[in-house]
There are 2 protein chains.
Amino acid sequence: MITSLPRLQAEEAALPDPIPDGSKGRILVAALRLFAKQGFHGTSIRAIGAELGLKAGNLYLYFESKEKLLAELVRLGHEAHHRRLRRALISGSADPIEQVKAIVRAHVRVHAEYPMLAYVANYEAHALSPELIEPSLVLRRESVAIFTEVVQRGIDQGIFHVSSIFLATTAISGMGMRVASWYRPDLGIDIAELAETYAQFAIRILQP
Amino acid sequence: MITSLPRLQAEEAALPDPIPDGSKGRILVAALRLFAKQGFHGTSIRAIGAELGLKAGNLYLYFESKEKLLAELVRLGHEAHHRRLRRALISGSADPIEQVKAIVRAHVRVHAEYPMLAYVANYEAHALSPELIEPSLVLRRESVAIFTEVVQRGIDQGIFHVSSIFLATTAISGMGMRVASWYRPDLGIDIAELAETYAQFAIRILQP
DNA sequence: GTCTATACACAGATAGAC
DNA sequence: GTCTATCTGTGTATAGAC
């Protein structure tokens, strides 16, 4: 019997390479796990230190504030997401169907491989001041634009048919984002197959 | 230029009828808005009171703790969701296609009409103790079962074709849940049309 | 019903010893 | 590098006056 409603199922805090060396990297990983499971405001500096056997004060040798620590995680998350989308776009074909599939695969993969990072980047960024969130917003706007433009090309070529490009892209990106909440390795679901299935769903939505 | 990454776009805190009379109802609405925008741990009792021109201590005349206040909101959210799904199921036809459409419409509608309530029910419930979350978990398990069974019937009848019923239902429910994050009335999107569009997307996913 | 006052715990952050 | 100690603010919650 489940007796709680966790924000996400993942248990392991994963960061994309290269993880900063030494204590800084270890602090990032510990903070990521706690921020993802309990939220930024629900996590104390003391709790992060305790995960590493450190007292609270030590963390200030590596991060000047708790908020800067969160900002770095949010930035890493948005960078990883944007990098994957970019790579999917440039390595693919000119066919809108293949482009959408490549982008959705990348979108889903990053949410399954780094669920905690995706979760924190998406749902804890609200705790950041405008200056600290701005670099991530730039990446986010571009990621949204990538999705939209690829779908638009398919529409222009008469390959896709949707009543609203906005509703289609929110649906497609939304189902991928949700993966961060439910994915866990022990479900026995291969990430490549998951990504392929969701890419197929996206095409079905766009090309009835 | 956007300078923050809000958890959701909605500005108004809406609760389904009947909203409790008097101060209790007003406290619920104020807490809902703040919990949705800033999170449970990011919201103080003082801040909730300030929204209503009340001092912190007054709230304890209506709720015995901040956690019980959250618990009531989470329960109201799960009840509204479950009630809508149930109603959609019993009022529909026996055709799996019509059943899925009815359930997805209801699912999407409740996320668009009560985005803050849906958001808090889904993403802040982790802050509740096992005893306080349990009533909502019962409803949640049943809502998941409704989705799954309706899709399964369509598969059994040879109407739907998906490689994994789990991946299909997570995709369909996930795109609906995401609506709570982006929907706002001034987008000019009619909720009925939104629900209809997403219901169509669900069918496209299930019936290629 | 609403206030002031307050108890008590814990938060983020800093200073300086070892 | 890690510690103890501490500053200062804020948190939840309660008691009792008006």
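Chain identifiers are assigned alphabetically (A, B, ...) following the order of the sequence lines, protein sequences preceding nucleic acid strands; residue numbering begins at 1 within each chain.
Rounding to the nearest 0.5 angstrom, the gap separating the CZ atom in Arg83(A) from the CG atom in Leu85(A) is 11.5 Å.
Rounded to whole Å, atom P of dT14(D) lies 11 Å from atom NZ of Lys68(B). Atom CZ in Phe63(A) sits roughly 14 Å away from atom P in dG1(D) (whole-Å rounding). Atoms CG (Leu70(B)) and C1' (dT12(D)) sit 15 Å apart, rounded to a whole Å. Distance CG (Leu52(A)) to C1' (dG1(D)): 14 Å, rounded to an integer number of Å. Atom NZ of Lys55(B) is separated from atom C1' of dG11(D) by 16 Å (rounded to the nearest Å).
Taking the six-membered ring where tryptophan is involved, the planes of Phe166(A) and Trp182(B) are perpendicular, since the angle between them exceeds 60° and thus also 30°.
Residue contacts shown for Gly53(B) are limited to sugar-phosphate atoms, with no base heavy atom under 4.0 Å away. Contacts of Leu61(A) with the nucleic acid, taken as non-hydrogen atoms under 4.0 Å apart, include base atoms. Using a 4.0 Å heavy-atom cutoff across all strands shown, Tyr62(B) reaches sugar-phosphate atoms only and no base atom.
Residues Leu5(A) and Ser136(B) fail the side-chain proximity criterion, which asks for heavy atoms closer than 4.5 Å.
Arg184(A) pairs with exactly one of Gln9(A), Glu11(A), Glu12(A) by the side-chain hydrogen bond (donor to acceptor under 3.5 Å, both in side chains) rule, that one being Gln9(A).
For an aromatic pair to be called close, the ring centres must be under 6.0 Å apart, and His107(A) with His111(A) satisfies this.
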Next on the checklist: Generate the contact string for nucleotides 11-18 of chain C. Rules: B means base contact, S means sugar-phosphate contact only, - means no protein heavy atom under 4.0 Å.
Outcome noted: BBBB----
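A pairwise comparison of heavy atoms in Met175(B) and Ala202(B) identifies CE-N, 3.9 Å as the closest pair.
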